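Input: a single structure, listed below in structure tokens.
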There are 2 protein chains.
Amino acid sequence: MKVDKELTKGSHELIILKLLSRQDMYGYQLIQQMSLLSDDVFCMSQGSLYPFLHALEDKGYIQSYPQLENGRERRFYHLTQSGHKALEDKERQWDLYTRAMARILGGIAK
Amino acid sequence: MKVDKELTKGSHELIILKLLSRQDMYGYQLIQQMSLLSDDVFCMSQGSLYPFLHALEDKGYIQSYPQLENGRERRFYHLTQSGHKALEDKERQWDLYTRAMARILGGIAK
DNA sequence: TTATATACCTCGCTATCCGATGTGTCAAGA
DNA sequence: TCTTGACACATCGGATAGCGAGGTATATAA
């Protein structure tokens with residue numbers, strides 16, 4: 001394992017909201033895209049993803065709808081208005097987080 | 001709360017090892033330094049820190065020793081050789097992590 | 001027809017982290 | 001002098017996220 005899961009745990013919401021902000025996707029596709037785009041740094045298991053998506057839907061950040069594609073039923077997820085807001089907030093937090101870490105790792109420079 | 005704890009959870013080990021790589025510190029001081037340097041992004045509670053330090057010592061990354069300072073007994077922690085190796089590894093992982101996230105947040109650029 | 005990839009799902013375990021709580025010391029001020 | 005608050009260390013129980021294991025079902029390739 002290249003990167004300890006412990007480190008990347010908390011960023012799942014940000015990643016998923018971001019991917020869905022570009023286009024509607026279904027669960028399995030999200031896992032593939034995460035792995036592909038991150039060069040396998042983010043490998044979410046199905047046992048994590050699906051309950052996670054349901055929770056995001058409960059929070060109103062995403063909305064799901066079934067769609068037939070290649071003769072196969074898939075459950076697509078769409079980012080809601082509220083989800084877009086949450087994404088913005090998460091991106092701002094990510095920025096604060098990495099800058100704080102840069103200050104600690106980089107040295108005294110503040 | 002500026003930054004969701006969920007996001008910053010996994011980075012405690014990196015931060016503590018890094019701070020101890022500069023100088024030996026005691027627990028209470030570590031908490032203060034984390035808050036100060038990170039502008040309150042990293043606020044570790046005592047209930048998290050002390051068990052965490054004990055675990056790091058069990059892993060052999062740090063070594064503790066008591067020291068009297070200002071007439072007050074404090075338990076200082078020192079980064080071991082093995083701890084330095086772990087720190088290097090964690091820093092490399094942090095780099096991979098942020099670059100992977102940058103690819104996802106930034107867009108298609110790979 | 002058998003295996004593999006796709007696609008969704010649930011359940012129970014584990015690890016982590018935090019708040020609450022407890023102990024004791026020291027300095028400042030009422 | 002007594003009390004308050006900061007300092008310093010510690011443990012414990014609860015909450016929660018994420019994972020592995022396991023289950024179901026369909027399409028495609030061998």
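To find a chain, count down the sequence lines: A is the first, B the second, and so on, and within it residues start at 1. As the structure is a computational prediction, the values presented were derived from the model and not from experiment.
Side-chain contact check for Met25(A) versus Tyr77(A): every heavy-atom pair is 4.5 Å or farther apart. Contact annotation: the side chain of Tyr61(A) never approaches that of His84(A) to less than 4.5 Å [non-hydrogen atoms, C-beta and beyond].
Of the candidates dC17(C), dA10(D), dA5(C), the closest approach to any side-chain atom of Tyr77(B) belongs to dA10(D). Checking dT6(C), dA10(D), dT16(C) against every side-chain atom of Glu6(A), the shortest atom distance belongs to dT16(C).
Not one side-chain nitrogen or oxygen of His12(A) sits closer than 4.0 Å to the OP1 or OP2 atom of dA17(D). His54(B) has no side-chain polar atom (N or O) that falls below the 4.0 Å cut-off from OP1 or OP2 of dC9(D). A sub-4.0 Å separation between OP1 or OP2 of dC9(D) and a side-chain N or O of Tyr50(B) is present.
Heavy-atom contacts from other residues, nucleotides or ligands closer than 6.0 Å to CD of Gln81(B) number 12 or fewer.
Taking atom CD of residue Gln29(B) and atom C1' of nucleotide dA6(D), one finds them 15 Å apart after rounding to whole Å. Separating the CG atom of Leu49(A) from the C1' atom of dC19(D) is a distance of 12 Å, rounded to the nearest angstrom. The nearest whole Å value for the distance from the CG atom in Asp4(A) to the P atom in dG18(D) is 14 Å. Distance, Leu56(B) CG to dT16(C) C1': 13 Å, rounded to whole Å. Regarding Lys9(A), its NZ atom lies at a distance of 7 Å from the P atom of dC19(D), rounded to whole Å. Atom P of nucleotide dG18(D) and atom CG of Leu7(B) are separated by 11 Å, given to the nearest angstrom. Atom CD of Glu73(B) is separated from atom C1' of dT23(C) by 15 Å (rounded to the nearest Å). One can place OH of Tyr28(A) at 14 Å from C1' of dC9(C), the figure rounded to the nearest angstrom.
Tyr26(A) and Tyr65(A) fall within a single hydrophobic cluster, where Ile, Leu, Val, Met, Phe, Trp and Tyr are joined by side-chain heavy atoms under 4.5 Å apart, directly or via other members.
Ser45(B) and Ser48(B) are linked by a side-chain donor-acceptor pair at a separation below 3.5 angstrom, with hydrogens and angles left out of the test.
We find that Asp95(B) and Arg99(B) are joined by a salt bridge, their nearest charged nitrogen and carboxylate oxygen being less than 4.0 Å apart.
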Original post:
Tell me, for nucleotides 20-30 of chain D in 5' to 3' order, what letter each nucleotide earns: B for a base near a protein heavy atom under 4.0 Å, S for only sugar-phosphate near one, - for neither?
Top reply: BB----BS---
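Among the candidates Glu91(B), Glu13(B), Glu88(B), the single residue satisfying the salt bridge (charged side-chain N to carboxylate O under 4.0 Å, His left out) test with Lys18(B) is Glu91(B).
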